[in-house]
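Working notes for the structure below.
The chains referred to below are lettered A, B, ... by the order of the sequence lines, with proteins before strands, and numbering in each begins at 1.
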2 protein chains.
Amino acid sequence: MNAPHFSTKERILGAAETLFAQHGFAGASLRQVTAAANVNLAAVNYHFGSKDNLIEEVFRRRLDELNVRRLAALKNALAADEPKLDHEGGHAFMRVLARAFAEHDERLRKFLSDNYGHVLREFATAFAGFLPHMDKEELYWRLDFITGALTHSMADFGPMRRRSQVSEESHRERAAAHLIRFAAAGLRTA
Amino acid sequence: MNAPHFSTKERILGAAETLFAQHGFAGASLRQVTAAANVNLAAVNYHFGSKDNLIEEVFRRRLDELNVRRLAALKNALAADEPKLDHEGGHAFMRVLARAFAEHDERLRKFLSDNYGHVLREFATAFAGFLPHMDKEELYWRLDFITGALTHSMADFGPMRRRSQVSEESHRERAAAHLIRFAAAGLRTA
DNA sequence: GTCTATATAGAGATAGAC
DNA sequence: GTCTATCTCTATATAGAC
């Protein structure tokens, strides 16, 4: 069995995701990124053109696939009624995503909204279908609260961190179970 | 009536709060801060010693007073049962606070936890008293979700932004009313 | 496609005059 | 307490050899 070999581009993306999660987009330098990826500094500009483009690629790499899965899961849920939280991409990416919320950078917001806004809107429409008697504004507020709770907990912002005995996988599943109970009750209340 | 005159130190703190909220701690430079505050660049080091110390002072200025109010509100609520969301410090500070969550910087985390962690713990204890039959881990998860929802919505991360017709004051009150309904239901559910 | 070397700009911090 | 000037370091980006 050969170990999989990662291209320079992939190594840069992986290191960038980790370091942006840890230090933020402004806080992590291309020098740190290329050092962690074990590639030359100039490789970033060759493969991505600029730091801003690299940031966008970090999102694109995960979100393209993730949103396909999300929409499929939504379609299934519309038939089966069995919610399943999807957190593909791993821990580092959830933290990068949470950072994207914190950065009120207009360029990044626009990029995410233009490319992935339709997924959010499909989910909102589906929830409106399930809760036809709920005031629209009330519903949107509640979905926004759930987004906040999800982002906060999945990015390990709060004190409910994983204990070292528990695997990351089962920690996530436990967190998801708690969140679903909490969110469902908050969403349905009169 | 004389317009109030702000000291150099206060002008720096105000400008820093706004710019840190907008661009993050790493993203906002001391040069931007001092330019916005209309003071000399060297004034930051004279008054605060370093950028890191300035960041801590931005928090200390608001949190010292805010937490006194929070604890007083908790004491009242323990008697009266009338929750009131406190968001003293204004919009910019809520965004700075949300950024502090996003920054996984250990130094900043420790500073906030050392100086203000006891407030959080008092609230958790009070909630445990109100919900004596709830499993502790379940309760802590739910309080963490509420923290996420609160931070997210008060920092205007999501799409539920204030419309220009609505005043900031009444937008906040509306958001708080929605959040209290949502959080109360999520917290109490079996 | 990857390297070295460097251009250019901006950062935080400080020394010392006033 | 505030200024100018500057030190030193680091940043992003690019030019050009291999």
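- Note on ring orientation: taking the six-membered ring where Trp is involved, the planes of B/F111 and B/Y116 are perpendicular (angle over 60°, cut-offs 30° and 60°).
- Reading DNA chain C from its 5' end, the first and the last nucleotide to sit under 4.0 Å from a heavy atom of chain B are C/dA11 to C/dT14.
- Side chain of A/R11 to main chain of A/V39: no donor-acceptor pair is present (N/O by atom type, distance under 3.5 Å, no hydrogens or angles).
- Of the possible donor and acceptor atoms, none in the side chain of A/T189 sits under 3.5 Å from a partner among the backbone N and O of A/A185.
- Contacts between residues 15-46 of chain B and DNA chain D, defined by a heavy-atom separation under 4.0 Å, are made by B/N40, B/A42, B/Y46.
- In terms of modelled atom types and a separation under 3.5 Å, the side chain of B/N53 and the main chain of B/G49 share no donor-acceptor contact.
- The list of salt bridge (Lys or Arg N to Asp or Glu O under 4.0 Å) pairs with a residue in residues 177-190 of chain B, not counting sequence neighbours, reads A/E138-B/R181.
- The ring pair (Phe, Tyr, Trp, His ring centres under 6.0 Å) pairs that include a residue from residues 162-190 of chain B are A/W141-B/H171, A/W141-B/H178, A/F145-B/F182, A/F182-B/F182, where partners are two or more places apart or lie in different chains.
- Annotation: the span from B/E103 atom CD to B/F25 atom CZ amounts to 5.5 Å, rounded to 0.5 Å.
- Near DNA chain C, meaning a heavy atom under 4.0 Å from it, residues 47-59 of chain B has B/S50, B/K51 in order of number.
- Applying the salt bridge (Lys or Arg N to Asp or Glu O under 4.0 Å) test to every pair with at least one member in residues 29-54 of chain B, sequence neighbours left out, gives these pairs: B/D52-B/R107.
- Side chain to side chain, A/N40 and A/Y46 fail the donor-acceptor criterion of an N or O pair below 3.5 Å.
- Surrounding CG of A/L120 are at most 12 heavy atoms belonging to other residues, nucleotides or ligands under 6.0 Å away.
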